[in-house]
Amino acid sequence: MKIVTLVKHVPDATADRTFTADNTTDRAGVDGLLSELDEYAVEEALKVGDAGTDVEIIALTMGPGGAEAAVKKALQMGADSAVHVVDDSLHGSDALATAQVLAAAVTKIGDVDLVLTGMASTDGGMSVVPAMIAEYLGLAHVGFVGELTVSDTAVTARRDDDAASETIEAALPAVVSVTDQINEPRYPSFKGIMAAKKKPVETWTLADLGVDSGAVGLDAALCVVREVTKRPERSAGSVVTDEGDGGTKLAEFLAAQKLI
Amino acid sequence: MFELSAEHEQFRQVVRDFARAQIAPHAAEWDRKHEFPVAVVRAMGDLGLFGLTAPEEYGGAGGDLTSLCVAIEEIGRVDQSLGITLEAAVGLGIMPILTYGTAAQKDRWLPDLVAGRALAAFGLTEPGAGSDAGATATRAVLDGDQWVVDGAKQFITNSGTELTSCVTITARTGERSGGTAEISAIIVPSGTPGFIVEPAYDKLGWHASDTHPLTFDGARVPADHLLGERGQGFAQFLATLDDGRIAIAALAVGCIQAMLDASVPYAHERTSFGVPIGAKQAVAFQIADLHVMAQAARLLTYRAAALRDAGAPAAEVKQAAASAKLYATESAVTATRIATQVHGGYGFMEEYPVARFYRDAKILEIGEGTSEIQRLVLARGLGLPVQA
């Protein structure tokens, strides 16, 4: 079984986030890592193999030069090989263009049975790319999966929402996005880190994929970010000193904020 | 310029992430309760930490001493007890069996030890024999096809956990022609009748690590449990000392780094006379010293490990290991004293981790060769006619 896991290289969420002059995320000036939510997709792919199915796992990413760090982490966890789509004209691509490029890469990889992704990236957080890829590929899509069983011909997936749990079956090939409830991603072992050095990483350009560079990038984006405003600095809280009337003062504060 | 490889640095990040997520939030509680955290030790096994230096045929990573030092430093940076648990399990539990064991002994013990499903201990120290290991009084007498072991061991790490599968001990198995003791190593499986694990010690620090006195009262083990050559027990032990010293130095580096980790933010947060205490030279300069100690100890430690990994001559490794162990552990004690002082009254409270590290640090200058023994090794290496 051939499984492609989509992995995104994102700025470290614990560091300051900055934007470049065209309001796109600054990916050059910051430390990046594999989007944590994609680790669950990699783990789920590895679990299919652990369960006894003969799997080939390919980690696929699209992004600038540094994005190779994301596929590296996937390879260290246990993926077999990786594909990195990198092209200067991809800068500023929106979700639709991203999906188009990734779908083309999945097609070029060929004979893929299952595409596994995280439920969102930890930077953009739109959650739309998996469904868009499925649409481009003409495959079934099951999103926000909390439990997954994979057979030779189909996936059985459980989705939990506030009101109900749904169990959905989809024929393979399919695109499945998974939540952070589905598993506990493994840490790469030293053995895995050393083994990853020898695993193949292919680099593809838009020309390799046959995608028109005019259809992607900032100029072709259907939605663009016009302005970015930093969240205001958190102001110091007010301290209520209890001089026997602490309860009253708290109530007054809450009333003033129109919270009660 | 001396740097670790990219792979070692990536592995460091993995262990750091693991330690922050799985260990750091619970370290104070395990310390307070004197609890050996079996579940997290197993998780360390799943991460492959116990098998770092073991060959792949036993499930190991086939890695080097440097990778083990990286793991011990990062684990020790949040929890010295778990750092020593890892160090002892590999250096004292696995390494003697791996180095001197027969194929049958390796097949029996190593797969579980390497995976962290089991722990082995090493019993050398006795009530009357510490740095002077030649004074071993525990006896093993061959009775037919069995060794009968009588005696006592003390301060034995990992000897009484629910994961412990065996203890390798040194015992007097006869006398040489010159009247000196013939000392051999013997593997005693946990649960052997007459092998008694006494109640755990009440220690100053390392509360979450497992340390017991052991009593042997006619404990019988098969003759083939002899580890290595008869009469070579002491020499075999000496040959593995340098690795252990480098690993303890790595644990000390973790301790120093932890003091830096704790002191820098505290010096920003805590204000005194209207300014952060970090604005006072008396505090800031002390923290600058912590930084230098961490750097210097780390360089000595990883250089010693690199020499060992590169197969440098034994005499050179011995000097490098003794230098690293001596400097890193004495600096760790100094660093905990400085960090506690930086924290003022709070440094004396268990609410802050510096108090735990202050208690944990002292043993680093004592275990696996005291500072005095390191100085002895170094002085002799310089050709001085110094006496033990």
Side-chain angles (χ1 to χ4, degrees), chain A residues 7 9-16 30-40 42-43 46-47 49-50 59 61 65-79 82 122 180-181 183-199 201 233-234 236-237 239, chain B residues 4-24 39-40 42-75 78 86 90 114-116 250 261 265 269 271 305 309:
Chain A
V7 292
H9 188 248
V10 297
D12 187 345
T14 60
D16 280 344
V30 294
D31 286 338
L33 42 72
L34 168 59
S35 173
E36 283 99 337
L37 290 169
D38 290 339
E39 291 185 11
Y40 297 89
V42 176
E43 177 64 30
L46 292 168
K47 280 175 71 181
D50 292 346
T61 195
E68 211 181 305
V71 295
K72 190 114 209 162
K73 177 85 180 274
L75 294 174
Q76 291 171 347
M77 288 174 73
T122 56
D180 56 358
Q181 302 299 310
N183 58 43
E184 192 61 46
R186 68 194 65 187
Y187 294 92
S189 66
F190 187 66
K191 206 170 169 174
I193 290 170
M194 297 308 283
K197 279 172 74 179
K198 302 188 190 95
K199 291 178 178 174
V201 180
E233 292 284 328
R234 216 187 287 184
V239 177
Chain B
L4 298 189
S5 73
E7 288 71 31
H8 284 110
E9 289 298 347
Q10 286 159 11
F11 178 60
R12 177 188 292 282
Q13 192 59 50
V14 171
V15 183
R16 185 176 298 169
D17 291 346
F18 172 86
R20 279 186 187 161
Q22 312 289 330
I23 298 176
V40 84
R42 285 182 195 274
M44 286 162 62
D46 291 340
L47 187 52
L49 301 189
F50 294 98
L52 281 171
T53 55
E56 298 198 13
E57 58 182 305
Y58 299 109
D64 47 19
L65 184 61
T66 299
S67 63
L68 178 63
C69 287
V70 166
I72 290 171
E73 180 191 336
E74 290 299 330
I75 299 287
V78 298
L86 171 61
V90 178
V114 163
D261 296 341
E269 289 159 16
T271 57
D309 289 334

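Just so we're on the same page: letters track the sequence lines, and every chain starts at 1.
For A/Asn183, the side chain to side chain donor-acceptor pair (under 3.5 Å) test picks out A/Glu44, with sequence neighbours left out. In this view, B/Glu9 and B/Leu4, B/Arg12 satisfy the side-chain contact (heavy atoms from CB on, under 4.5 Å) rule, not counting sequence neighbours. When the ring-ring contact (aromatic ring centres under 6.0 Å, His included) test is applied to A/Phe190, the partners found at least two apart in sequence or on another chain are B/His8, B/Phe11.
When B/Ala71, B/Ser67, B/Gly48 are compared by the number of non-hydrogen pairs under 4.5 Å with chain A, B/Ser67 comes out ahead.
For B/Leu52, the part sitting under 4.5 Å from any heavy atom of chain A is the side chain, from C-beta outward, and nothing else. For A/Lys197, the part sitting under 4.5 Å from any heavy atom of chain B is the side chain, from C-beta outward, and nothing else. For B/Asp46, no part lies under 4.5 angstrom from a heavy atom of chain A.
Scanning residues 55-63 of chain B against chain A with a 4.5 Å heavy-atom cutoff picks out B/Glu56, B/Gly59, B/Gly60, B/Ala61, B/Gly63, ordered by number.
Between the CD atom in A/Gln76 and the CD atom in B/Glu7 there is a gap of 8.0 Å [rounded to 0.5 Å].
Nearest heavy atom pair, residue B/Leu47 against residue A/Ser189, reads O-CB, 3.7 Å. Here the closest heavy-atom approach between residue A/Ile193 and residue B/Gln10 is recorded as CG2-OE1, 3.7 Å.
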